[in-house]
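Everything on this sheet refers to the single structure shown next.
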Amino acid sequence: MTTNSAAPSGQPGFPVVVTLASGAIFLSILDATVANLAVTDMHVSYPTASATDLTWVISLYAIVFAAFLAPAGRLADVIGRRALYTAGMGVFTVMSLLCAVAPNLPVLLGARALQGLGAAAMIPASLAVVLVDTPPARRAGAIGIWAAAASAAAAAGPSLGGILIDSVGWRSVFFINVPIGIALLVGIRVVPKSRSTGRIPDALGTLLLATGVFLLVLGVTEGPTWHWGDLRVLGSLLAGAVLLGLALLRSRRHPAPAVETGLWKNRTFALANLVSLFFGAALYAWMLIGALFLVDVWHYSRIAAGLSMSPGAILSAIVAGVVGRTLSRRNPRIVVSLGALAVVAAALWLALALSPHPQLWTMWLPVGLLAGLGMGAVSTGVSSAAALSVEPARFAGATGLNMAVRQIGGALGIAALAAILAPATPGAAAPYAHVVLFCCAMMAITALIGLGLSLHPHKPAPTTPAETPPKPQPAQR
């Protein structure tokens, strides 16, 4: 079990802890969205690159990010939250600088992949920081702030990216990470170091896990581009499934597994993973379809499209913070299910009302606010259920696994979006409505599964013989 080497009096304050944790997830999510708008402008810097080549700037980050989230969570439990946070943030910051100054596309793609690796380490390490270094009574509120930072990044991505790219250039979306990353690297030094007697996770199992997830997400992400019958897609999906299966089988028997499969014996954690899968599919498809519709059908500029989507995302961040402060340890099912139903209502409204004629004030903004309210609630509810369903020593591993499942769901959602829009007539609203209905179905399933979520106080099992309560001894005569 991980313990702090510093005395309680040496603990950093609550604002410092949540700022460090929230800053890490903000940067990770921001870079998953802000670069989407930069691809067109990159063609000017790299004129010999094809459009397909440039989309790898987005795909590589997402694929590597998803592949290493679960292994990073296990590593955080072993080497300590501060050590992994520092390593992840350091790699992310340096690679952001390299992305910003990349002289050619191969350098940019390599830096982008390593940036995703750093981001994968930052996510579980940051939540481990906020959970281990805050009092138990404030953990739910801390998770809410952490989830709110993710929603804020989603809100800032389209509008901030549009403003930076149009006014400064595409390289600025990477430069902006550097000063923030340096500040967070300095700040993390106030968090006490942690020690553990645990073993480094199984190297072979970790390699199988990361490669399996990489190939699965690769096949799903590139399926619409390469075509689903292509041998590259079929080979990626088959090989990924086999490797992932081998990793899970090996983890069941290994003393230091790459995946803590025992976590799935916890009903709440297993259901939280299922919620994350379907929620991720709806969330990523929803965020992208909104931007595409505003630009392609209503012919908004990138800045206008980003600003039009921001109110809902900002409300999502606010709701996530409020829900986190008020969330009872026993009612995540209410938060998740009601939040998901709010998104279902918003999706039905949007699908029925979409037309080629702009309806910003009468339809788009109200729908966005309703969806933002629901998504903020679901995001915090499922994060709380996943993290608080396990003992503190397994926070990071549980978080990494849950976030990895959400990323896989996101890849499936984007693939479904691409498949639905592929045969669409330019400017037609109906195909976009079909994507919205897909999001509606995913959130309906989320609401149904969310009804099973509950949190009960648990008594962590002793992890060492020294922690085992002594057996009563017979009285001496």
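Computed from a predicted structure; not experimentally measured.
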Side chain to side chain contact (heavy atoms under 4.5 Å, CB included) filter on A119, not counting sequence neighbours, yields S28, Y61, F65, F92
Closest non-hydrogen atom pair, A282 against M442: CB-CB, 3.7 Å
Side chain to side chain contact (heavy atoms under 4.5 Å, CB included) between W286 and M443, worked out: CA-CA 11 Å; W286 181 276; M443 292 307 296; over 6 Å; no
Just wondering, do M363 and L350 contact through their side chains at under 4.5 Å, heavy atoms? yes
Interatomic distance, CG@L109 vs CH2@W56, rounded to 0.5 Å, equals 9.0 Å
I need the minimum non-hydrogen distance between P201 and P257, along with the two atoms involved. CB-O, 3.9 Å
Please step through side-chain hydrogen bond (donor to acceptor under 3.5 Å, both in side chains) for the pair W170 and S45, ending with a clear verdict. CA-CA 9 Å; W170 68 266; S45 300; 2.9 Å; yes
Search all heavy atoms of L417 against all heavy atoms of A285 and return the closest pair with its distance. CD1-O, 3.5 Å
Is the closest side-chain heavy-atom distance between V233 and H227 below 4.5 Å? no
Test item: L215 and L237 side chains (from C-beta on) under 4.5 Å apart, heavy atoms: no
Identify the two heavy atoms, one from A247 and one from G205, that lie closest to each other, and give their separation to 0.1 Å. CB-O, 3.9 Å
Validation row: V64, R112 side chains within 4.5 angstrom (heavy atoms): no
Give every residue pair that meets the side-chain hydrogen bond (donor to acceptor under 3.5 Å, both in side chains) criterion with at least one member in residues 436-446, sequence neighbours excluded. none
Distance-minimising heavy-atom pair for A342 and L373: CB-CD2, 4.5 Å
